[in-house]
Amino acid sequence: DTAVSQTPKYLVTQMGNDKSIKCEQNLGHDTMYWYKQDSKKFLKIMFSYNNKELIINETVPNRFSPKSPDKAHLNLHINSLELGDSAVYFCASSREGLNTEAFFGQGTRLTVV
Amino acid sequence: AQSVTQPDIHITVSEGASLELRCNYSYGATPYLFWYVQSPGQGLQLLLKYFSGDTLVQGIKGFEAEFKRSQSSFNLRKPSVHWSDAAEYFCAFSGTYKYIFGTGTRLKVLA
């Protein structure tokens, strides 16, 4: 029973298209995140949500729009995809607070051609 | 600024040898620290965490890490590396509604 699940695992699409990545967690956590991992493996926070409310938007272009329909889901929609959007996107969740670890999904490898 | 530094981008060790991966942090208070491992094509798995108390923490897969406040370090160690330990290792700490990661250390294990 997967704790944090993302779909799809792989996504290949053309420039200019719009795509979505879905994320669900069954851990009962209040806080969810999107991270971007670039080709050098660097992990950068994009968004964090707590109880469905956007808390952090780390200077991400407006083409990226997260949506949290409920505490267990955090989806990421990307408009007008660009070559530079190619990366691995990770969803994660945690309890609220500093003294708690994050649980990560398996990642979505997005390739824009 | 809050940051995590992993000075070694790549490390190669022989199977059975000991391992130490370095991590230094910059944070205004006592941080909550983590080590994660990422196998190829996989997500991040928590190896261990330090919140308070004993500065030597034990994790899964035989890993341990030691928190040294005076050196702002949280180095990861393993006495004897197995071929299956080859992966990317990330040090991180928790900030307000985010986790801040180091750039990672790629571990290669020679048979």
Side-chain angles (χ1 to χ4, degrees), chain A residues 2-10 21 23 25 27 29-60 66 68 74 88-109, chain B residues 1-6 8-11 21 23 25 27-53 57 59-60 63 65 67 74 86-108:
Chain A
T2 305
V4 182
S5 59
Q6 296 177 228
T7 53
K9 188 168 183 178
Y10 299 98
I21 306 171
C23 178
Q25 55 96 1
L27 298 167
H29 289 162
D30 291 326
T31 309
M32 295 187 71
Y33 315 83
W34 279 109
Y35 277 83
K36 180 180 181 180
Q37 185 175 49
D38 62 23
S39 57
K40 296 187 177 179
K41 301 290 189 180
F42 182 63
L43 283 154
K44 182 173 168 51
I45 182 76
M46 299 174 67
F47 302 102
S48 66
Y49 271 71
N50 188 60
N51 286 318
K52 304 191 298 175
E53 298 296 320
L54 177 66
I55 304 296
I56 287 179
N57 178 343
E58 200 82 352
T59 61
V60 179
S68 182
L74 180 61
V88 180
Y89 293 84
F90 285 101
C91 177
S93 73
S94 72
R95 289 183 292 109
E96 189 176 2
L98 295 178
N99 58 341
T100 178
E101 65 267 36
F103 293 78
F104 283 80
Q106 292 297 292
T108 296
R109 180 174 293 277
Chain B
Q2 300 176 354
S3 65
V4 177
T5 302
Q6 292 180 247
D8 304 306
I9 298 173
H10 294 101
I11 282 188
L21 302 183
C23 172
Y25 64 88
Y27 189 67
T30 301
Y32 298 100
L33 293 158
F34 310 86
W35 275 99
Y36 284 86
V37 60
Q38 184 181 20
S39 298
Q42 300 297 312
L44 280 77
Q45 181 183 23
L46 181 70
L47 284 175
L48 46 78
K49 60 191 177 188
Y50 172 76
F51 290 164
S52 65
V57 293
I60 63 171
F63 285 92
F67 171 63
F74 188 55
E88 192 89 22
Y89 291 80
F90 293 95
C91 182
F93 68 79
S94 55
T96 304
Y97 294 108
K98 62 182 175 182
Y99 293 82
I100 297 159
F101 287 86
T103 49
T105 297
R106 178 165 294 182
L107 175 65
K108 183 177 178 180

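Quick note on labels: first sequence line is chain A, next is B, and so on, each numbered from 1.
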| note | Honestly, the part of Glu96(A) sitting under 4.5 Å from a heavy atom of chain B is side chain
| note | The interface call for Ile55(A) against chain B, heavy-atom contacts under 4.5 Å, is side chain
| said: Tell me the closest heavy-atom pair linking Tyr97(B) and Thr31(A), and the distance in Å. | reply: CD2-CG2, 4.0 Å
| query | In terms of heavy-atom proximity below 4.5 Å to chain A, should Phe34(B) be classed as side chain, backbone, both, or neither? | reply | side chain
| query | Which bit of Lys44(A) comes within less than 4.5 Å of chain B, counting heavy atoms only: side chain, backbone, both or neither? | reply | neither
| Residue, of Tyr50(B), Phe90(B), Tyr36(B), Tyr32(B), that accumulates the most heavy atom pairs under 4.5 Å with chain A | Tyr32(B)
| Yes or no on side-chain contact (heavy atoms from CB on, under 4.5 Å) for Lys98(B) and Tyr35(A), after CA distance, side-chain angles and deciding distance? | CA-CA 10 Å; Lys98(B) 62 182 175 182; Tyr35(A) 277 83; 4.2 Å; yes
| field | Polar side-chain atom of Thr103(B) near backbone of Phe42(A) as donor-acceptor pair, under 3.5 Å | value | no
| query | Between Ile45(A), Asn99(A), Leu43(A), Thr100(A), which has the largest tally of heavy atom pairs under 4.5 Å with chain B? | reply | Asn99(A)
| query | What is the minimum heavy-atom distance between Phe90(A) and Gly43(B), and which atoms define it? | reply | CE2-CA, 3.5 Å
| message | More than 12 heavy atoms of other residues, nucleotides or ligands under 6.0 Å from NZ of Lys9(A): yes or no? | response | yes
| field | Side chain, backbone, both or neither of Ile56(A) within contact of chain B (heavy atoms, under 4.5 Å) | value | side chain
| field | Toward chain A, the part of Lys49(B) with a non-hydrogen atom under 4.5 Å | value | side chain
| task | Provide the closest heavy-atom pair for Ser94(B) versus Leu98(A) in the form atom of the first, atom of the second, distance. | result | OG-O, 2.6 Å
| Given the rule in the side-chain contact (heavy atoms from CB on, under 4.5 Å) test, do Glu101(A) and Phe51(B) qualify, once you have shown the distances and angles that lead to the verdict? | CA-CA 10 Å; Glu101(A) 65 267 36; Phe51(B) 290 164; 4.2 Å; yes
| query | Quick check: are there more than 12 heavy atoms from other residues, nucleotides or ligands sitting under 6.0 Å from CD1 of Ile9(B)? | reply | no
| Per-residue contact mode, Gln38(B) against chain A (heavy atom under 4.5 angstrom) | side chain
| Thr7(A): what forms a side chain to side chain contact (heavy atoms under 4.5 Å, CB included) with it, not counting sequence neighbours? | Lys22(A)
| query | Non-hydrogen atoms of chain A under 4.5 Å away: do they reach the side chain of Glu88(B), the backbone, both or neither? | reply | side chain
| said: For Leu44(B), which atoms come within 4.5 Å of any heavy atom of chain A: side chain, backbone, both, or neither? | reply: both
| message | Heavy-atom cut-off 4.5 Å, strictly under: side chain, backbone, both or neither for Tyr49(A) against chain B? | response | neither
| task | Using non-hydrogen atoms and a 4.5 Å limit, figure out which bit of Phe101(B) sits close to chain A: side chain, backbone, both or neither. | result | both
